Amino acid sequence: MKILALDTSTALLSVALGTETAWAESSLALGLTHSERLFPIIDFLSRQAQIDLKDLDLVVCSKGPGSFTGLRIGFSAAKGISMAAECPLISVPTLDAYAFEFRDLHGAVVPIIDGKKKRLFTAVYKKGTRQGEYMDITPADLSACLDKIDPPIFLCGPDPEVYLSYLSNREIYTVIDDFSSGKATCFLKIGIELYNQGKADSDGSGPVYLRESEAEINLHGKK
C-alpha cells in the first residue's frame, strides 16, 4: 500500500510518503509558508520514494486543531490528491497523532499546541487512549485540570514551553518531545490503522478548529 501523509497544522510542515514498512519524510520549520512549500516537498518525496501520486492507495492529513490557514491548505491538498488518485482520504486528529509515539508510557501524555490568544489546544491520553474531550483552554485551567491527575505527566507536541510558566508543581511534569523532526510518520501509521478498520472520510469532511476563526469572530461581532 502506498500512502501520503501531511501535517500542516502548525508552523512545522511535515510530509511522509511511502508504504507500511518504508517511507521518506521531510519537515520544514519556516513558519506558515505551507502554500508555497507543500507541493515542492511532495514532489521531492515522490522522486525519492519512487512513488507516483496517481498510484497512491491512501492519503492522510491532519484534521486539527491547529492553524486555521495551515489546516485549510493541508485539507484542500489532501482532498485534491486523493480525488486524482481515486483513493480514500483519512484525516487524523492532530493531538492524537502528537501523542501517538508515546502511547506505551506509564502515565498521562498531554500534547500542547499554542492556540494563541493566551489559550492552548490540548487533550489528555493514557496508554494511547484519549481521556475526555479535545480542549481549547487557558493555561491556568489546564493546570487545575492536571492537578487532579496522578503523576507522572508527560508534556509533548510543539508548544509545551508556552505552558511551563503556569505550572505550580513542576517536578511532576516531564517534557518528552523533540518536535523539530515533524510528525507526518505518526499520521501515516494512524492512517494505516484506520484504513485497516475500514474507516475513511466522507466527501464533505473538513478540519476541526475547536473555535471560530478571527474572520468569523469579527463577522459575528458586526451583526
Side-chain angles (χ1 to χ4, degrees), residues 3-18 20-34 37-38 40-42 44-45 48-49 60-67 70-71 73-74 92-116 119-131 134-135 137 139 142-143 146 149 151-167 169-193:
I3 312 106
L4 171 69
L6 317 173
D7 178 22
T8 59
S9 56
T10 72
L12 179 61
L13 171 63
S14 183
V15 182
L17 176 63
E20 301 99 313
T21 57
W23 53 83
E25 182 180 31
S26 181
S27 300
L28 288 178
L30 295 175
L32 289 169
T33 59
H34 302 344
R37 312 285 183 177
L38 179 56
I41 292 178
I42 292 173
F44 170 75
L45 293 180
Q48 295 301 309
V60 183
C61 70
S62 47
K63 188 172 188 173
S67 159
L71 289 169
I73 291 169
V92 174
T94 307
L95 294 165
D96 291 6
Y98 291 176
F100 178 78
E101 63 185 312
F102 309 112
R103 61 196 179 283
D104 294 328
L105 288 178
H106 174 71
V109 174
V110 184
I112 293 176
I113 300 172
D114 184 1
K116 309 304 180 183
R119 299 182 71 87
L120 308 169
F121 298 133
T122 189
V124 178
Y125 297 80
K126 290 186 178 180
K127 292 295 182 182
T129 300
R130 179 166 48 87
Q131 312 293 305
Y134 301 111
M135 295 181 282
I137 193 171
L142 177 59
S143 186
L146 296 184
I149 297 175
I153 298 174
F154 301 100
L155 306 181
C156 63
D159 299 307
E161 71 282 354
V162 174
Y163 172 62
L164 288 176
S165 63
Y166 293 86
L167 297 179
N169 192 12
R170 296 188 186 186
E171 61 269 19
I172 68 171
Y173 297 88
T174 304
V175 177
I176 52 174
D177 206 357
D178 176 8
F179 201 78
S180 60
S181 62
K183 301 296 178 185
T185 298
C186 296
F187 285 89
L188 183 146
K189 292 178 179 178
I190 295 174
I192 292 170
E193 290 182 0

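Positions are given from 1 along the sequence. Everything numeric in this text was worked out from a predicted model, so none of it was measured.
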> Let's go through Val15 and Glu25 carefully: what are the C-alpha distance in whole Å and the side-chain angles of both, what is the deciding distance for side chain to side chain contact (heavy atoms under 4.5 Å, CB included) to 0.1 Å, and is it a yes or a no?
CA-CA 6 Å; Val15 182; Glu25 182 180 31; over 6 Å; no
> Apply the test side chain to side chain contact (heavy atoms under 4.5 Å, CB included) to residues Leu105 and Ile176: give CA-CA distance (whole Å), side-chain angles for both, the deciding distance (0.1 Å), then the verdict.
CA-CA 11 Å; Leu105 288 178; Ile176 52 174; 3.6 Å; yes
> In the structure I gave you, are the side-chain heavy atoms of Val110 and Cys156 within less than 4.5 Å of one another anywhere?
no
> List the atom of Ser9, the atom of Pro65, and the distance in Å for their closest heavy-atom pair.
CB-O, 3.9 Å
> Does Phe179 have any ring pair (Phe, Tyr, Trp, His ring centres under 6.0 Å) partners at least two apart in sequence or in another chain, and if so, which?
Tyr98
> Between the main-chain N or O of Gly70 and the side-chain N or O of Thr8, is there a donor-acceptor pair closer than 3.5 Å?
yes
> Might you point out which heavy atoms bring Leu32 and Thr10 nearest each other, and give the distance in Å?
CD2-O, 3.7 Å
> Give the intermediate values and the outcome of side chain to side chain contact (heavy atoms under 4.5 Å, CB included) for residues Leu30 and Arg37.
CA-CA 9 Å; Leu30 295 175; Arg37 312 285 183 177; 3.7 Å; yes
> Considering all heavy atoms of both residues, which atom of Val124 and which atom of Ala108 are nearest to each other, and what is their separation?
CG1-CB, 4.1 Å
> Indicate yes or no: at least one non-hydrogen side-chain atom of Ile41 is less than 4.5 angstrom from one of Leu13.
yes
> Residues in side-chain hydrogen bond (donor to acceptor under 3.5 Å, both in side chains) with Tyr134, at least two apart?
Asp96, Arg130
> Compare all side-chain heavy atoms of Lys63 with those of Val92 and state whether any distance is below 4.5 angstrom.
no
> Do Ser62 and Leu71 touch side chain to side chain, with heavy atoms closer than 4.5 Å?
yes
> Tell me, do Leu17 and Ile3 make a side-chain contact under 4.5 Å, heavy atoms counted?
no
> What I'd like to find out is whether the side chain of Leu12 reaches to under 4.5 Å of the side chain of Leu28, using heavy atoms alone.
no
> Should the heavy atoms of other residues, nucleotides or ligands under 6.0 Å from NZ of Lys116 be counted, would the total exceed 12?
no
> Can you pull out every salt bridge (charged side-chain N to carboxylate O under 4.0 Å, His left out) where at least one residue sits in residues 175-192? Sequence neighbours excluded, please.
Glu101-Lys183, Asp177-Lys183
> Considering all heavy atoms of both residues, which atom of Thr122 and which atom of Pro111 are nearest to each other, and what is their separation?
OG1-O, 2.7 Å
